[in-house]
Asker: 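Let me begin by handing over the structure; questions about it come next.
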Amino acid sequence: MKILQGAVVVLYALFALLPLLWLGITSIKDRDAAISPHAKVIPVLTAPNDPTSVGFVPQLDAFRGLSEVHAGAHASFWEHVTSSVVIGFVSTAASVLLGAACAYGFSRYRIGGAKDWLFFILSTRFMPPLAVVIPVLLMYRKLELPGTHLGLIILYTVFNLSLSVWLMKGFIDEIPKAFEEAAFVDGYTRFDAFWRIIVPQSATGMAVTGVFCLISAWNEYGFAMTLNSSSAVTVPAYFAGLQGNIEGMPWPQVAAGALVFVAPVAVLTFLVRKHLLRGVTFGTIKQ
Amino acid sequence: MERSRGGLGRFAFVGPTLVLLIAFNLFPLLYNVVLSFTNAELVGDGWKWIGGRNYERVFTDARFGAAVRRTAWFVFCAVGLELGIGFATALALQAFTRVRAVLVTALLIPMMLSPAVMGLFWNLILNGNHGITNQTLDALSLPQPQWLTDREWKLFSVILIDVWMWTPFLMLISMAGLAAIPKTLYEAAEVDRASRWTVFRRVTLPLVAPYLGLAVLLRFTDALKQFDLVMATQGPNDTSTQTLSTLLYQVTFRDGKVGLGSAYACVILVLVIALATVFTRYLETIQRRTA
């Protein structure tokens, strides 16, 4: 039984991790090695004479090439990273703050139809972005928001509210009401209590919620490609735009860029590993 | 402490979120309904009412029926495989409690990454000539399908990438379900000399089921929207991989038919909302059972 279990784990680990390893290997190749008809798998120090050899000489040109502007794009990879960072962080901060306040309201006040409101909030997450993008685009045109950082910041803030409210409600429900009751005796208002007790007490929860909001804004593609196709383009939309490039895909640069782009997410995943379950189930399962 | 002090106070906390959701979710939905009865186009401002003609076109469009069936098939295969492989891996991981923590975190990474970016990179992995998959199959003297260009394999490739991304999700939730089973039940089964299969069928499976239900539900609603991976591998116009979302994209942004696209969006939304309502209610039941 244990052998069978071991085999399943090993096979699955290969399937899950080899593509990531291949991403790393491709990022240190030159273009010829990346699309060679003979697999180039092992980095070697001197160039092999035999073209069918599995060896290739590793190099970092692809990472240097990230500051180049490729055919079919308007700006270099790094400028798109800047857009992704600005949009990701500002929208995350807004989502977490609004979500925490909303969750606090639902947690501590008696609100008519609270359950229905909460399910309405959650149901917005199930909506296909492509189904609301047309009216959003028309609204945005009136407000001159397409192609701006602000436009995507607003959309991602709203899109992440469902996640933020549900996660934060779980965290805030866990804070004993006794803390606030003591504060009210000292003359705190609800707002004081929120800022001075709930926010510090739920700091971990807000950080975890922030990570999940950031990752989903970071990875989002549907809104990004339809609303911001020429300026304030985020990285996923930029990469997709390289397709059909007349010079052919610059695979080592794509791999290097993808690596730079996904590495922070992998690190964040590791940091919130204890809360992953909560994050991906909207706080429905707590462990 | 009474919960309901201050009528305006609670609106200050809850209000901004609800206002934003109404302005950027509910309002666009209604606007969509209005647009679906017009002949609006992507370029130019003027439009006029054309009644239900867009809906007529949706329901007589062969692409629509095909996209519905294809999306259903995609969801069924992808989520089914993810459930099977994810649950099997979770069961297998039970034998390795000591190395588990680090290994599991590593295995979870694919689901946190960008589908658009990773989907694009999979084009290189699955490339028929210079992709590592076929080069490996060649070395093993196995047949090498043209993953990305053969009509028979294209949709399977999208499923494969989806399975790569989302199996960790099913695995994670399965592990939580397995961990929540009280050890005493297994001890009792051992006293009764129940066979391994009986224990699995009578103890493990029924107790994990609500967790699997929740995981499948969340995956299902997500897979239904499949857009990023299809765009990354085949683009919106490919007839053998076109899902509902990419069809909508094609109609609206490639053909520029905003009115018609809105009608598609409305029909798709009715489908999604119906399913999501059933599911969110079911979610309540599951939440109670897993709490």
Side-chain angles (χ1 to χ4, degrees), chain A residues 2 5 8-9 12-13 16-17 19 22-23 35-37 39 98 101-102 104-106 108-111 119 121-124 126 128 130-132 134-136 158 161 165 177 181 190 215 219 221-222 226 236 239-240 251 254-255 258 261-262 265-266 269-270 273 276-277 280-281 284-285 287, chain B residues 1 3-4 6 9-10 13-14 16-17 20-21 24-25 28-29 31-32 35 88-89 92-93 95-96 105 107-110 112-114 116-117 120-121 124-125 129-130 132 135 164 169 172 176 214 221 225 227-228 231-232 245 248-249 252-253 258 261-262 265 268-269 272 276 280 287 290:
Chain A
K2 189 143 185 175
Q5 284 173 301
V8 170
V9 171
Y12 181 68
L17 301 175
W22 197 243
L23 185 70
I35 56 168
S36 154
L98 288 167
C102 182
Y104 179 72
F106 279 116
R108 298 296 199 259
Y109 286 96
R110 195 177 292 123
I111 291 172
F119 275 106
I121 293 172
L122 183 63
S123 72
T124 61
F126 294 138
L130 255 288
V132 287
I134 305 167
V136 168
V158 175
L161 277 175
V165 169
K177 291 197 182 102
E181 281 163 33
R190 273 278 173 202
I215 291 176
N219 291 343
Y221 172 64
T226 41
F239 271 129
W251 284 116
V254 168
F261 184 69
V262 302
V265 174
T269 305
F270 198 73
R273 62 190 180 281
L276 275 173
L277 192 62
V280 298
T281 60
T284 344
I285 304 180
Q287 247 182 2
Chain B
M1 182 183 67
R3 273 161 65 98
S4 53
R10 69 190 154 184
F13 284 112
V14 180
T17 293
L20 277 173
L21 285 174
F24 288 91
N25 263 302
L29 285 186
Y31 195 179
N32 223 340
L35 283 171
T89 312
L93 278 165
F96 307 95
T105 311
L107 292 182
L108 292 176
I109 288 174
M112 309 301 279
L113 306 182
S114 158
V117 173
L120 184 68
F121 184 69
L124 178 66
I125 297 178
N129 306 314
H130 49 253
I132 186 67
Q135 286 167 348
W164 176 75
F169 181 80
L172 176 67
L214 172 72
T221 49
K225 300 186 283 195
F227 178 72
D228 299 11
M231 291 294 281
S245 290
L248 187 57
Y249 178 80
T252 315
F253 292 94
V258 167
S262 299
I268 293 170
L269 274 169
V272 172
T280 42
Q287 207 173 6
T290 54

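Chain letters run A, B, ... following the sequence lines, proteins first, then strands; residues in each count from 1. Hydrogens, waters and symmetry mates are skipped; everything else that's a heavy atom, side chains included, is used.
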Asker: Nearest heavy-atom pair of A/P236 and B/V117: which atoms, and what distance?
Answerer: CA-CG2, 3.9 Å

Asker: Are the side chains of B/M112 and A/L276 in touch, meaning some heavy atoms are under 4.5 Å apart?
Answerer: yes

Asker: Using the six-membered ring wherever Trp is involved, compare the ring planes of B/F13 and A/Y104 and label them parallel, tilted or perpendicular (cut-offs 30° and 60°).
Answerer: perpendicular

Asker: Identify which part of B/Y249 has an atom lying under 4.5 Å from any heavy atom of chain A, answering side chain, backbone, both or neither.
Answerer: both

Asker: Which atoms of B/T252 are under 4.5 Å from chain A, going by heavy atoms: the side chain, the backbone, both sets, or neither?
Answerer: side chain

Asker: Do B/F227 and A/P128 have side chains that approach each other closer than 4.5 Å (heavy atoms only, starting at C-beta)?
Answerer: no

Asker: Give, as side chain, backbone, both or neither, the part of A/V254 having an atom under 4.5 angstrom from any heavy atom of chain B.
Answerer: side chain

Asker: Please state whether the side chain, the backbone, both or neither of B/L269 comes within less than 4.5 Å of a heavy atom of chain A.
Answerer: side chain

Asker: Answer with side chain, backbone, both or neither: which region of B/F169 has an atom nearer than 4.5 Å to a non-hydrogen atom of chain A?
Answerer: side chain

Asker: Please give me the minimum heavy-atom distance between A/I134 and B/G261, naming the atom from each residue.
Answerer: CD1-C, 3.8 Å

Asker: Which atom names give the shortest non-hydrogen contact between B/I125 and A/P19, and what distance separates them?
Answerer: CD1-CB, 3.8 Å

Asker: Is it the backbone or the side chain of B/L35 that comes under 4.5 Å from a heavy atom of chain A, or both, or neither?
Answerer: side chain

Asker: Verify, without hydrogens or angle tests, whether B/Q135 (side chain) and A/S36 (backbone) share a donor-acceptor contact under 3.5 angstrom.
Answerer: yes

Asker: Ignoring hydrogens and angles, tell me if any N or O in the side chain of B/N32 forms a donor-acceptor pair with the backbone of A/P135 under 3.5 Å.
Answerer: no

Asker: Evaluate the side-chain proximity of B/F121 to A/W22: yes if any heavy-atom separation is below 4.5 Å, no if none is.
Answerer: yes

